[in-house]
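The structure under discussion appears below in the form of structure tokens.
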Amino acid sequence: MPPLLKMENISIVFGGLTAVESISFEVEKGRIVSLIGPNGAGKSTVFNIISGIYSPTSGSVYFLEKDITGDRAYKITGYGIARTFQNIRLFKNLTVADNVRIGCHSRSRAGFMGAVLRAGRVKGEERGITDRAKESLAVVGLADKSEDLAKNLSYGDQRKLEIARALASSPELLLLDEPAAGMNAGEKQGLMEMIKAISHMGVTILLVEHDMKFVMGISDHIIVLDYGQIIASGTPEEVQNDPVVIEAYLGKEAD
Amino acid sequence: MFTFLSEVLPTFLQQLINGLTLGTTYALIALGYTMVYGIIQLINFAHGEVYMIGAFVGLIMVSVYEVNFFMAMLVAMAVCVPLAMLIERIAYRPLRSSTRLAPLISALGVSIFLQTLMTLIAGPNPKGFPQVIEDTIYIVGPVQFSLVQVIILVLAGLLMVLLHYIVKYTKMGKAMRATSEDYETANLMGINVNRIISFTFAMGAALASAGGVLVGMYFNSIHPLMGVSVGLKSFCAAVLGGIGSIPGAMLGGIFLGVAEVTGVSVGLGSYRDAIAFGLLILVLLFKPTGLLGKPIQRKV
Amino acid sequence: MQAIIDITTNPYYIQVITMMGVYLIAALGLNLITGVTGQFSFGHAAYMSIGAYTSALLTKNLDLPFLLSLLAGGLMAALFGVILAVPSMRLTGDYLGITTLGFGEIVRVVFINMEITGGARGLAGIPRSTDLTVVFILVVLFIWALYRINNSRFGRALAAIREDEIAAESMGINVFLYKVESFAIGTFLAGISGGLYAHLLQYINPADFGFAKSFELLNFVVIGGLGSIPGTVLGTTVLSLAPEFLRFVKEYRMLIYGGLMVLMMIFRPHGILGGVDLGRLLRKVLRKKPPAALSGGN
Ligand SMILES: Nc1ncnc2c1ncn2[C@@H]1O[C@H](COP(=O)(O)OP(=O)(O)O)[C@@H](O)[C@H]1O
Ligand SMILES: [Mg+2]
């Protein structure tokens, strides 16, 4: 079976700084793959390239064997890639329910005329959106907060809402950028279960996370990034025992 | 070739001088817009009214108190500087952490308030500005310029050099640049941001009020709504040059002045007020942050 | 009671109220662009002028039926709205604001220089076809349509763009296209409003549609409460009637008006109804109180 996602020699340069340098990796369907590395290694940048927010300076991104390099972000969501943001980017002044309904955007069609005329088809679609939003909120356990404004949620709940919003687009591939950041141990445990449950629903997951216990406990495969380059990859055990990885992490901590 | 030397070139030089004069007055006002925007990202719509009030104070000084125009300019500054600081204190500071449009509406309110106030005081009709400088005309080769033009160019030039010095070398100026660069960090580093903002408004007002007196002298006529169109055009000049950039405001002002005068001379006189905006839109479409503005970083 | 009859039969008051409705239509359009979609537009009056001149010339010179001319005016305004929006959409915030302001000034100067519009003298002799009934029906129709828009996939996408463009794009929203559509609808409403204006006053002049008018419309929307339809209605009502009520202060009127704008922003920076969801509030009240208690609340 071909890989779900394939990155080929991806590089990106920001005004002289090479943030990501010639990286290649694949993500197979159904897996939970983690991208780890010190701060500034280029993990979020990789996410931004996959999700179409940045265009790589060189290299190609393939999703289901289709070349999606440089496609606009909204299109990429339509192909079946959804994401969350490291620094939460919710629609703050909208309700939890509306945040998730907006997540359904790429799986629905009604436009301006549909909104005004509200024909039967549109009403049906709107019901579908509401159902889908409810399902997504149930997965992350926020169903009872659907009428709250997003900005009034706790930090942990905001992270969960980001996941629900991404799930609402029925993605094949879900990119999670530091979903456990700022959560306490109990919340992290819950989040881990939640991600496993999402994985069981058939969604492939690419994850950036700093908490090593979390990463080792959940990943099928780990890719280690340092200074924009892949320095190691393999199963949790392989990566944990790789001297290069240990060096990269210890070296950073010694600064 | 001959007609070029005898007709086109002199006309061009003449327009250049006239445009430069107009442009430096735009630049003086544009500097206030750009400095304020650089620090608090506010389009200070009341800035044009500060310029207008400067012109009126200057008029009162030369016609009632019969001081020389240089004194008049200093008094205009002395009135407008505290006025601008007061406006900031009352109408903008409480709104600093508010939505983007709230201080803008507040600024418009101040602007309407000051226009009406001046109309009540001085009446709606244009007031003649007495001829304070003898109207000497110099003729150098094919071009001619007046003493007033020379004074405007020299004084405005001096003020800009002074501004450059203050911003570059004084402690206040350095703090101002730091605040403009990164408000949060400046605040954390113990810079008294409120003082810097007040100082910025003060400097902008000093330049604008000087501009008001100079313009009064140049066109011999002032009125309570004079700040509206000049204010907008100067703001255009600031954006054209790259908002937040001090050299940008100077460049933008002069560019605009020359363009406007040139436009009028090639028969676009009835489109005069549209030239600034047309240019602005064109520049922004190709260079979205203006001629000398830094590109916007979209970091996610 | 007599007072109500007086007001409702006094032609002057009817004129004032009709005009208020005309401005309300333009303000509703601006609210969609700025309040809902979050895009600055400081040249809304220019689209009113495009609608006004288009429809006035069509009824005056070509005897087109009034309602058709209104529609044409709205479409023409929307066309220009799109023409400006397409290249400008990569500008954001104040840059977009100043570009729209500049466009508004250019439109005004062009109208001053055009033959067919009567130039700076203005255009007179427009048939008087706008009346309170037409305006009222249109206001109700547009408010109804805008409510539907706000509570639809389309409207949610616009709100998402206002809240966070990058997140919106990442949710599959074609931000560019939606912004352009929002401009098209908003400027269409301005064009309709302009057509009504022309056929109410029977005389239009480019000076009627300068940036002062644009900012007045923005004022209606911001002071009422950005993004809120009841807010826009309230803001337009209060502010377009304010000058009438402030008549007793005569020449100090605009002084007070300007001062009030400042005070309003200091004490309610989100506008009168900003951040208030009337629908949700109503539901809460209805849920809390038994229905019988409602009638006593007057
Ligand atoms: N838009 C951008 N412009 C300039 N530099 C950027 C941009 N985005 C990321 N970078 C730089 O790229 C490097 C990698 O950043 P990032 O991907 O956020 O790291 P990580 O997520 O691994 O902590 C950093 O040095 C960061 O400053
Ligand atoms: Mg990161």
Side-chain angles (χ1 to χ4, degrees), chain B residues 37 41-43 45-46 87 90-95 97-117 119-120 225 228-229 232-233 235-236 238-240 243 268 270-282 284-285 288-290 293 296 298 300, chain C residues 34-35 38 40 42-43 84 87-88 90-110 112-113 119-120 166-167 170 210-212 215-216 218-219 221-223 226 251-271 274:
Chain B
Y37 194 93
Q41 282 76 49
L42 166 71
I43 307 177
F45 277 112
I87 293 174
I90 295 176
Y92 306 152
R93 195 175 296 181
L95 293 170
S97 55
S98 188
T99 58
R100 303 280 282 120
L101 279 171
L104 210 70
I105 297 290
S106 187
L108 286 168
V110 174
S111 170
I112 293 175
F113 182 89
L114 293 176
Q115 283 163 23
T116 321
L117 187 68
T119 312
L120 286 173
L225 299 184
V228 178
S229 134
L232 277 182
K233 282 191 210 163
F235 179 67
C236 267
V239 180
L240 199 68
I243 192 112
L268 289 174
S270 54
Y271 284 91
R272 180 178 181 144
D273 286 341
I275 290 174
F277 296 106
L279 265 179
L280 177 78
I281 293 177
L282 272 183
L284 285 189
L285 292 184
T289 51
I296 300 169
R298 184 165 107 146
V300 180
Chain C
T34 304
F40 283 9
F42 300 162
L84 180 71
S88 311
R90 63 195 196 111
L91 303 171
T92 52
D94 296 325
Y95 286 101
L96 183 61
I98 198 74
T99 303
T100 49
L101 188 154
F103 175 75
E105 284 303 282
I106 292 172
V107 168
R108 188 176 60 83
V109 173
V110 168
I112 289 178
N113 282 285
I166 289 175
S170 296
F211 61 80
F215 281 123
E216 203 180 332
L218 188 66
N219 235 346
V221 175
V222 176
I223 296 218
L226 268 180
E251 62 265 45
Y252 298 102
R253 202 176 63 169
M254 290 313 282
L255 202 68
I256 294 175
Y257 186 89
L260 282 178
M261 279 166 72
V262 176
L263 288 179
M264 187 67 217
M265 284 298 102
I266 292 175
F267 293 109
R268 275 206 68 85
H270 293 277

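Lettering follows sequence order; numbering is per chain, from 1.
Both the backbone and the side chain of C/Val110 come within contact range of chain B, each with at least one heavy atom under 4.5 Å from a heavy atom of that chain. Of the two parts of C/Ile256, neither the backbone nor the side chain holds a non-hydrogen atom closer than 4.5 Å to a non-hydrogen atom of chain B. Proximity to chain C is limited to the side chain of B/Phe235, based on heavy atoms less than 4.5 angstrom apart. Looking at B/Leu108, the atoms closer than 4.5 Å to chain C (heavy atoms on both sides) sit in the backbone and in the side chain alike. Contact annotation for C/Leu255: both backbone and side-chain heavy atoms come within less than 4.5 Å of a heavy atom of chain B. Residue contact with chain C, scored on non-hydrogen atoms closer than 4.5 Å, involves the backbone and the side chain of B/Leu117 alike. Only the side chain of B/Leu232 comes within less than 4.5 Å of a heavy atom in chain C; its backbone stays farther off. Residue contact with chain C, scored on non-hydrogen atoms closer than 4.5 Å, involves the backbone and the side chain of B/Leu285 alike.
No other option in B/Thr99, B/Leu284, B/Ile90 has as many heavy-atom pairs under 4.5 Å with chain C as B/Leu284. Taking chain B as the reference chain and counting heavy-atom pairs below 4.5 Å, the highest number among C/Asn113, C/Thr34, C/Thr99 is found for C/Asn113. Across B/Ser106, B/Pro94, B/Ser98, the residue that shares the most heavy-atom pairs under 4.5 angstrom with chain C is B/Ser106. Ranking B/Thr119, B/Ile112, B/Ile243 against chain C, the residue ahead of the rest is B/Ile112, based on heavy-atom pairs under 4.5 Å.
Of all heavy-atom pairs between B/Pro288 and C/Leu91, the closest is CB-CD2, 3.7 Å. Taking both residues in full, the closest heavy atoms of C/Val109 and B/Ser270 are given as CG1-O, 3.5 Å, listed atom of the first, atom of the second, then distance.
Taking CD1 of B/Ile105 as the reference point, atom CG of C/Leu226 lies at 8.0 Å (rounded to 0.5 Å). Taking CD1 of C/Ile106 as the reference point, atom OH of B/Tyr271 lies at 11.0 Å (rounded to 0.5 Å).
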Under the side chain to side chain contact (heavy atoms under 4.5 Å, CB included) rule, what do B/Tyr37 and C/Asp94 come out as? Steps first, then yes or no, please.
CA-CA 10 Å; B/Tyr37 194 93; C/Asp94 296 325; 2.5 Å; yes
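Qualifying side chain to side chain contact (heavy atoms under 4.5 Å, CB included) partners for C/Phe42, counting only residues two or more places apart in sequence or in other chains: B/Ile43, B/Leu101, B/Leu104, C/Phe40, C/Thr100, C/Leu101, C/Phe215, C/Leu218.
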